[in-house]
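Here is the structure we will look at.
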Amino acid sequence: MNGRIARLAQKPVLRKVASSSSAVSELVARYVAGHDVGELMPVLQSLTSKGLLVSVAYLGDRVSDLEQAAANERVYLDIVRRLGEDELVSGAELSLRFSRLGQRLGAEANQFALDSARRICRAANNAGVHVTVDMSDSASADAVLQNWGKLQQDFPATGITLQSALYRTHQDLHDLALPKHRIRICKGGYREDKKIAFRDPHEIDLAFVRDLRSLLGTQAEALIATHDPRMIAVAEELIRRTGRAPDSFEFQMLYGIRPWEQRRLADIGYRSRVLVPFGPGWYDYYTERLAERPAGLALFARSLIRKR
Ligand code: FDA
């Protein structure tokens with residue numbers, strides 16, 4: 001991730017101008033499915049009508065107290081209820097972030113986050129919705145993995161995300177990619193210290209290939225989260241070689257990024273899932289994507305100054 005762009009995006013004035021610009025809203029709508037569940041559902045229906053599976057990520061405001069965490073739990077429960085009721089959206093997944101449930105606010109709040117995640121998983125179980133836990137930066141990796149481990153005792157199908165950029169992931173995969181476990185592997189969206197993580201894109205690619213090989217060689221369910229055409233080609237080759245059953249893996253990509261590739265994978269018979277983000281925290285999500293891929297920066301800058 002480009003640190004300078006990420007820091008610039010945090011300037012309050014930029015956030016204020018972007019939040020009130022309709023040109024920016026139009027641009028962001030390609031990547032974020034609205035502000036509330038009402039706006040989200042038609043986007044999900046449109047994707048599933050094209051043979052795609054969906055995963056929902058709620059972009060809440062930053063959580064600074066337990067009241068906000070409880071409000072986020074209510075949103076997660078509402079999403080699960082709507083997904084369960086909607087016959088047009090089957091096999092959906094919820095991407096759950098412990099930090100949105102207060103996990104980073106201290107030990108007591110972490111317990112609240114875990115209890116809250118249990119209530120969400122119970123509701124998801126009843127509604128036929130999968131749950132996969134997102135991974136934040138490395139500072140909270142141990143806490144997230146511990147919470148996932150506890151959650152998984154009651155809800156074994158709950159997935160976890162691992163990031164190939166971290167040196168520890170190879171060992172984590174070895175320990176966690178057990179039969180029936182649902183493991184999402186991605187490159188990792190955070191720029192970490194070189195003491196604990198690869199930073200060179202080529203090294204991250206090599207680590208991702210190594211992790212793909214090791215994950216696809218296990219009996220865990222493999223969720224392959226990447227847009228990178230080279231990584232997808234490697235995954236397809238490994239799937240062929242290992243003779244993986246079609247329901248034992250899936251490709252996952254973010255809404256609005258390489259949509260034609262998402263469709264291609266579905267058209268040739270693979271499970272292809274689109275992670276669809278929505279909610280009031282769209283600005284941070286969108287600018288994080290820009291920092292990952294600065295090519296979109298010029299368009300964003302033009303939208304900021306365009307009067308509508
Ligand atoms: P890479 O960044 O090398 O991009 C490969 C190609 O994809 C680019 O050349 C371009 O064509 C396209 N592309 C990628 N990003 C783009 C963008 N923003 N705009 C336009 N094109 C773009 N991370 C994390 O730390 N914790 C998590 O829990 C998750 N969860 C997660 C779930 C899912 C379903 C996905 C797809 C991704 C995540 N990630 C994540 C993010 C992940 O770690 C990573 O940052 C992004 O997927 C980008 O990495 P790629 O593998 O796509 O490669």
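We count ligands from 1, going down the list as the structure has it; atoms in each ligand are counted the same way.
- The contact shell of ligand 1, taken as protein residues with any non-hydrogen atom closer than 4.0 angstrom, comprises Arg97, Asp134, Met135, Thr161, Gln163, Arg184, Cys186, Lys187, Gly188, Gly189, Tyr190, Ala225, Thr226, His227, Asp228, Gln252, Met253, Leu254, Ile257, Arg258, Leu275, Arg289, Glu292, Arg293.
- Residue pairs meeting the ring-ring contact (aromatic ring centres under 6.0 Å, His included) criterion with at least one member in residues 238-277, sequence neighbours excluded, are Phe249-Tyr270, Phe251-Tyr270.
- With respect to the salt-bridge test (charged N to carboxylate O, under 4.0 angstrom), the residues Glu192 and Arg199 do not qualify.
- Under the salt bridge (charged side-chain N to carboxylate O under 4.0 Å, His left out) criterion, the residue pairs touching residues 272-285 are Arg15-Asp284, Arg62-Asp284, Glu250-Arg273, with sequence neighbours excluded.
- Under the 4.0 Å criterion applied to side-chain N and carboxylate O atoms, Arg168 and Asp142 are assigned as salt-bridge partners.
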Pairs of donor and acceptor atoms involving the side chains of residues 227-237, under 3.5 Å and at least two apart or interchain, shall be tabulated with distances.
residue	atom	partner	partner atom	Å
His227	NE2	Leu254	N	3.0
Asp228	OD1	Arg230	N	3.0
Asp228	OD1	Arg230	NE	3.2
Asp228	OD2	Lys187	NZ	2.8
Asp228	OD2	Arg230	NH2	2.7
Arg230	NH1	Asp205	OD2	3.4
Arg230	NH2	Asp205	OD2	2.7
Glu236	OE2	Arg264	NH2	3.0
Glu237	OE1	Arg240	NH2	3.3
Glu237	OE2	Arg241	NE	3.3

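- Counting only N and O atoms by type, the side chains of Glu93 and Thr132 include a donor and acceptor under 3.5 Å apart.
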